[in-house]
2 protein chains.
Amino acid sequence: MAVKYKEIADCLERDIRDGKFDTAKKLPTEEELINNFKVSRNTIRKAINQLVNLGLIYQVQGSGMFLREKSITDYINLGSLRGLTKDLTSKIIETKILELHVVTAEEEIAKQLRCEVGANLYYIKRLRIVDKEPFSIEISYFKKDIVPYLNEDIASSSIYRYLIEDLKLNIGFADKVINCEKIGEANAELLLIKPLDPALIIENTVCLTNGTIFELSKSVFHYEKAKILNRINFK
Amino acid sequence: MAVKYKEIADCLERDIRDGKFDTAKKLPTEEELINNFKVSRNTIRKAINQLVNLGLIYQVQGSGMFLREKSITDYINLGSLRGLTKDLTSKIIETKILELHVVTAEEEIAKQLRCEVGANLYYIKRLRIVDKEPFSIEISYFKKDIVPYLNEDIASSSIYRYLIEDLKLNIGFADKVINCEKIGEANAELLLIKPLDPALIIENTVCLTNGTIFELSKSVFHYEKAKILNRINFK
DNA sequence: AAGTGGTCTAGACCACCGT
DNA sequence: CGGTGGTCTAGACCACTTC
């Protein structure tokens, strides 16, 4: 993290989350930030841009930079990598591994992962439990050539923390498709709801910064417990 | 649109959508774009940034700029303003106005819109019909001091086109909350499904660039027909 | 009119990819 | 190593808000 604008962005993000600007609901001017951090204006503006994209602040030409309403916690944040652990901060998150093994890609999965049929994949099925109640079922496939090792320990805590910090993967972008279905019997049983009750589904295709797809996942959420939040900017 | 980087972004977006780079799956280098458009590097990079944020391309340091997989059309795009008409391009979209009148804000709505109880609002309830079949029910509130006039004609086509092009509103950002419920009787009837069938819900709070909330909406989607797509970048 | 963000330029150097 | 993006600087001028 030797990059100035990221350090500044992180610093300001911490300040915002710590409530440092809550009384004014306003950030220092660009001018002031330039002086505080001793960098050029472009660097400050790049840092600020991150905060805008995160949905933390908005800028008004001629007026200043303001805090956005605090988003309700305990919503799933579509735009973050961070997973349940970071989204539902006030809750107890537990994970039960239902399955974890190496499999070979069959046709449909290979097509979606853009890899060869027969390629080695990690297959993981987990039940996520929030405040002692079943919350979601997550099925993931990881390409084994990119994620060479996984175990129950890693899969029980944050897989993404492991991918980023230990494997040093550079995660770049993702496609998420959200819809809603009648839940099947097996999943209903796991989530303690009735078959044909609603289920909120997120299907996720994740790529490295170089464009390689490395993960495919499908999450089935308890319809009464899961809410997704997305903050959008139009520029 | 006298702004260079936006013009360049729009131009490149058009080229991408027209398939101009489909054979190479690669865009010209920054250097080449600088020469083509005769602008500085920063301006080119700002334009490119828009395309990255739209999920159209990705950049790889040391290598180049590449097209992302084409997203399937006929998904609702969470990150766009443009609404069904622009998302479901291959479909016939019709809109039936169920209600449209001026109302006064009662407490709950006033709180969400951060306005006074009793303020004048437009209340609109619409049934959206896609390829001759009911697709969603949309209930919206607009602050009348910001949207002083609306009629059936406008509400039948694209309200946002009217807000942006005719009223010249500067729309800035929005919070979207997505979840899933058992549908009620009245809505089930409109969507031609059964009560207690699933429904995909999007609640939307939209602000001008200056931070003023001006719209609140709730859309109830047919669970078999609606899919939401969101493209995300991690930077 | 003063304050503050938005756009744009020109140029330097660094980091990563592929040959 | 050459090609290509990523970061950073310094300075100019414009556009909008606020008083």
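To find a chain, count down the sequence lines: A is the first, B the second, and so on, and within it residues start at 1. Both backbone and side-chain heavy atoms feed into the values below; hydrogens, waters and symmetry mates do not.
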One thing to verify: whether B:E13 and B:R17 come together as a salt bridge, which I'm taking to mean a side-chain N less than 4.0 angstrom from a carboxylate O.
yes
Can you establish whether the number of heavy atoms outside A:K235 located under 6.0 Å from its atom NZ is more than 12?
yes
So for atom CG, which belongs to A:D166, do other residues, nucleotides or ligands contribute more than 12 heavy atoms lying within a distance under 6.0 Å?
yes
Set out, in order, the CA-CA distance, both residues' side-chain angles and the distance that settles salt bridge (Lys or Arg N to Asp or Glu O under 4.0 Å) for A:E203 and A:K176, then state yes or no.
CA-CA 6 Å; A:E203 289 178 296; A:K176 302 201 175 227; over 6 Å; no
Using a strict heavy-atom distance below 4.0 Å, which residues from residues 29-40 of chain B are in contact with DNA chain D?
B:T29, B:E30
Considering heavy-atom distances to DNA chain D, does A:R41 or A:K4 have its closest nucleotide positioned more toward the 5' end?
A:K4
DNA chain D nearest-nucleotide lookup for B:G64 and A:V60: closer to the 5′ end is B:G64
Search all heavy atoms of A:T209 against all heavy atoms of B:Y58 and return the closest pair with its distance.
O-CD1, 3.7 Å
So the contacted stretch of DNA chain C, first to last nucleotide with an atom under 4.0 Å from a non-hydrogen atom of chain B, runs from C:dT7 to C:dC17
Sorted by position of nearest nucleotide on DNA chain C, 5' first, the leading residue of A:G62 and A:Q59 is A:G62
If the cut-off is 4.0 Å, is A:S63 near the phosphate of D:dT18, judged by side-chain N/O to OP1 or OP2?
yes
So among A:I34, A:I44, A:L33, which one has a side-chain contact (heavy atoms from CB on, under 4.5 Å) with A:V39?
A:I44
Can you confirm if the NZ or CZ of B:K25 lies within 45° of the ring axis of B:F66 and under 6.0 Å from the centre of its six-membered ring?
no
B:K143 to B:F214 six-membered ring, cation-pi geometry met (6.0 Å, 45°):
no
Measure from CG on A:N210 to P on D:dT4 and round the result to the nearest Å.
18 Å
